[in-house]
Amino acid sequence: MSQNLSEQELIRRENLQKMIDLGLEPYPSKTFPVTHLAKEVHEGFKEGSTDFQEVTLAGRFMSRRIMGKASFAEIQDSSGRMQIYVSRDDICPGENKDLYNQMFKKLLDLGDFVGVTGHAFITKTGTLSIHVKEFTLLSKSLKPLPIVKTDAEGNSYDEVTDPEFKYRQRYVDLTVNPEVRETFVQRSKMINAMRNFMAEKGYLEVETPVLQPMYGGAAARPFKTHHNTLDVPFYLRIANELYLKRLIVGGYDGVFEFAKDFRNEGMSRFHNPEFTMMELYVSYKDYEWMMDFTEEMLEYVALQVHGTTDLQVGENTISFKRPWKRYTMFGAIEHFTGIDCSEMDEEALRQTAKDLGIHVDKELGKGKIIDEIFGEKCEHELIQPTFITDYPVEMSPLAKKHPTKPGIVERFEGICNAKEICNAFSELNDPIDQRQRFEDQLELGKRGDEEAMQLDEDYLRALEYGMPPTAGIGIGIDRLAMIMTNQKSIQDVLFFPQMKPERAVVSEADNETD
RNA sequence: GGUCGGUUAGCUCAGCUGGUAGAGCAACGCCCUUUUAAGGCGUGGGUCCUGGGUUCGAACCCCAGACCGGCUACCA
């Protein structure tokens, strides 16, 4: 395959060859003995101290200011940048000045990986620097990086803002935009905090199948695939709920899984075809307990990630301080519209929706209409973390019925920043009721609801052996990460959000005919 | 899916009522041993997203397509 190289790429290839000609290895393999990160030197160095007299750092070469026989440059490692001071006669003590005059001044390009050894000092202008006595090339870069420059006022120049560039070439985005690296560090801290919190309670982290013979546990269209040897279809999971509850049947007190789920639906700034869900099931608990647990865990997570429960998210300050506000679904609708629809039948609900200017499709059942009204009139009002409880039974086929409120299940959703971030219920463990609910779903499916659930005989068999009373929750990790990292789009909390393939990639794939 | 907008140098962008392209940074050459968006002088770099069309002439107008984005629809 031929490459059309730009002028700058050709020059870099020439520089690479000239380095080889000088006897330099452009891609050495030996472990490079890094002793410090840039951040450690920045935080630890005090002027006049005798520490940091011999430090070794490695990173990308990000800027260079040549002043004749000496130069300043910056290298960037995972922790940040460090200025280095390179003088010709220090790195070339002998007669041969090639390392400075040729390699450092001419052949080295921005983006190359280098290693330096030297001592820390403060320059006349007060900048901490490493006075380099050994300079090593660690890896040559052949493509120019769009390096961002920032002036004294904090204005940045040439920042890569094109979303397509950022998402397709995330490695470049991460290299040149430190705040992007930080977003993903925070995401990782968030997940670790949740994991530690649950492990601390004694719950077991498990793994369940991604390839499932039958999809379930949520209402969504699946991706379908095929296993060649078994010659059967498989679905990529849309949820892991039913498998985790099988493990509760098997006797664990608490199981959780951070799971990639897959839904074959639209994409938006809140939806990616593959996304991460954390599901947790705890035996002998109910949804009331789970609300308390959720508040406690997310307060802990906010503190772990940010050291505070008050987070700035867009225009709003969102507080994860316990307790959250709680509404029943009918209560929320009444609160935001003034209409009490708790006693209405399907026709009255349909009319109410119409009166509120909400379009509802004919095939929607009672539960879906209520959900439409809630989604249209209430959800966007809920900025602070809020629990909505008592969902209609029709839209909750895996949740236990409320003991005193007919037509209602013991379920809650957590809403934050106008979006659902979690969904939980007292799990339905009555196998006869569960069979009936599945059959109702089949009926909805026949009416045209493409997301109605399938009937899972093995799951019913498990329930027939007996499942203890159990509380379960699913937390949308990506949406929670958007809140915890103050990002507007799910694409900004996923390293590699789903995109259409680039054209070159498509044409190669088209050649595969089998 | 609908709709509106975008695509010009490695990056960020300008380019008027149509006359075959510019700036800053980056790159290249020369000068400079504590600079910092380093500086000074000089130089090169373009499939104007793709394919058609209109026109003497298209980055610009028209048609079709690709990709990206905003809103919207769908979406537990």
Side-chain angles (χ1 to χ4, degrees), chain A residues 4-12 14-15 63-74 81 83-90 100 105-106 109-111 121-127 129 131 142-168 172 176 217-221 238-239 241 261 263-273 275 277 359 361 367-368 371 374-375 379 388 391 395-399 411 413 415 419-425 450-451 453 474 476 479 488-489 491 499-504 506-507:
Chain A
N4 292 322
L5 297 178
S6 69
E7 181 193 37
Q8 291 192 41
E9 289 173 304
L10 288 170
I11 288 166
R12 284 178 179 234
E14 284 167 19
N15 288 346
S63 74
R64 173 172 48 192
R65 297 180 286 277
I66 296 172
M67 291 160 302
K69 298 183 188 64
S71 301
F72 286 93
E74 284 175 298
R81 289 196 184 188
Q83 177 167 278
I84 61 174
Y85 173 75
V86 180
S87 84
R88 188 191 67 183
D89 296 334
D90 286 329
Y100 184 78
K105 278 172 68 178
K106 295 186 178 173
D109 291 304
L110 298 189
F121 76 109
I122 307 278
T123 65
K124 279 181 191 166
T125 52
T127 304
S129 307
H131 190 131
L142 297 181
K143 283 178 95 66
L145 281 172
I147 292 175
V148 182
K149 286 198 162 195
T150 307
D151 69 15
E153 280 83 51
N155 303 311
S156 54
Y157 299 81
D158 298 342
E159 184 173 8
V160 175
T161 53
D162 176 13
E164 181 174 4
F165 190 107
K166 286 164 67 75
Y167 301 149
R168 286 202 197 280
V172 175
V176 302
R221 280 181 289 165
I238 59 174
E241 167 148 2
D261 291 342
R263 297 187 184 177
N264 205 342
E265 294 172 341
M267 292 159 63
S268 76
R269 82 194 170 89
F270 294 104
H271 300 86
N272 196 65
F275 63 100
M277 175 96 93
H359 172 77
D361 287 334
K368 284 264 186 178
D371 192 42
F374 174 80
E379 201 171 49
I388 302 297
Y391 281 70
M395 54 187 297
S396 313
L398 301 168
R411 169 179 174 183
E413 286 192 1
I415 315 281
K419 275 284 162 188
E420 177 197 341
I421 55 168
C422 61
N423 180 20
F425 22 89
E450 285 190 64
E451 296 170 349
M453 285 186 197
R479 289 190 185 172
K488 288 194 203 57
S489 168
Q491 298 177 107
M499 302 191 86
K500 285 201 185 179
E502 287 181 271
R503 216 178 311 179
V506 171
S507 61

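Note: hydrogens, waters and symmetry copies are ignored here, and every other heavy atom, side chains too, is used. Letters go in sequence order (proteins before strands), and every chain restarts at 1.
- Looking at A:Tyr85 and A:Ser71, their side chains never bring a donor and an acceptor atom within 3.5 Å of each other.
- Note: CG (A:Asp151) to P (B:rG24) measures 17 Å, nearest angstrom.
- In this structure, CD1 of A:Ile11 is placed 5 Å from C1' of B:rC28, rounded to the nearest angstrom.
- Pairing for B:rG42 is with B:rC28, a Watson-Crick or G-U wobble pair whose two hydrogen-bonding atom distances lie under 3.5 Å.
- In this structure, CD of A:Glu74 is placed 18 Å from P of B:rU34, rounded to the nearest angstrom.
- Legend: residues meeting side chain to side chain donor-acceptor pair (under 3.5 Å) with A:Arg168, ordered by chain and number and at least two apart, are A:Glu164.
- Residue A:Arg65 places no side-chain N or O under 4.0 Å from the OP1 or OP2 atom of B:rU35.
- If you measure from atom CE of A:Met267 to atom C1' of B:rG70, you get 15 Å, rounded to the nearest angstrom.
- Across the strands present, B:rC56 finds its partner in B:rG19; the criterion is a Watson-Crick or G-U wobble pair with both atom distances under 3.5 angstrom.
- Here B:rU34 is the nucleotide among B:rG69, B:rU34, B:rC68 with the atom lying nearest to any side-chain atom of A:Phe72.
- Considering only residues two or more places apart in sequence or on other chains, A:Thr125 meets the side chain to side chain donor-acceptor pair (under 3.5 Å) condition with A:Thr123.
- Among the atoms of the strands shown, base atoms are found under 4.0 Å from some heavy atom of A:Met395.
- No contact: A:Glu14 has no heavy atom under 4.0 Å from any strand.
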Where along nucleotides 3-11 of chain B does protein come under 4.0 Å, by heavy atom, of base (B) or sugar-phosphate alone (S), with - for untouched nucleotides?
-------BB
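- Figure legend. B:rU35 is base-paired to no nucleotide; pairs are counted as Watson-Crick or G-U wobble with both atom distances under 3.5 Å.
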Dump every N/O contact between nucleotides 31-33 of chain B and the protein below 3.5 Å, one line per pair.
residue, atom, partner, partner atom, Å
B:rC32, N3, A:Ile66, O, 3.2
B:rU33, OP2, A:Met67, O, 3.4
B:rU33, OP2, A:Lys69, N, 2.8
B:rU33, O2, A:Tyr85, OH, 2.9
B:rU33, O4, A:Asp89, OD2, 2.9

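- At the heavy-atom level, A:Met453 lies under 4.0 Å from base atoms of the strands shown.
- For B:rC71, the paired nucleotide is B:rG2, the pair qualifying as Watson-Crick or G-U wobble because both relevant distances are below 3.5 Å.
- Partners of A:Ile421 by side chain to side chain contact (heavy atoms under 4.5 Å, CB included), not counting sequence neighbours, listed by chain and number: A:Leu298, A:Trp324, A:Cys416, A:Arg479, A:Leu480, A:Ile483.
- Across all strands shown, A:Phe270 has no heavy atoms under 4.0 Å from either base or sugar-phosphate atoms.
- Using a 4.0 Å heavy-atom cutoff across all strands shown, A:Pro273 reaches no nucleic acid atom at all.
- Considering only side-chain atoms of A:Lys149, the nucleotide from B:rA37, B:rU35, B:rA27 that sits closest is B:rA37.
- Side-chain N/O atoms of A:Lys106 include one lying less than 4.0 angstrom from OP1 or OP2 on B:rC30.
- With sequence neighbours left out, A:Phe270 forms a ring pair (Phe, Tyr, Trp, His ring centres under 6.0 Å) with no residue at all.
- Pairing for B:rU47 is absent, with no Watson-Crick or G-U wobble pair whose two atom distances lie under 3.5 Å.
- Here, B:rU33 and B:rC25 have their P atoms 23 Å apart, quoted to the whole Å.
- With both ends at atom C1', the span from B:rU3 to B:rU43 equals 48 Å, rounded to whole Å.
- The pair A:Arg411-A:Glu413 counts as a salt bridge, with a side-chain nitrogen and a carboxylate oxygen less than 4.0 angstrom apart.
- What separates CZ of A:Phe275 from P of B:rA76 is a distance of 10 Å, to the nearest Å.
- Among the heavy atoms of the strands, none lies under 4.0 Å from A:Ala218.
- The closest side-chain donor-acceptor pair between A:Ser63 and A:Glu74 falls under 3.5 angstrom.
- Contact annotation for A:Arg168: backbone-only contact, meaning every heavy-atom pair under 4.0 Å involves sugar-phosphate atoms and none involves a base.
- Of the listed nucleotides (B:rU35, B:rG69, B:rA76), B:rG69 has the atom at the smallest distance from the side chain of A:Pro163.
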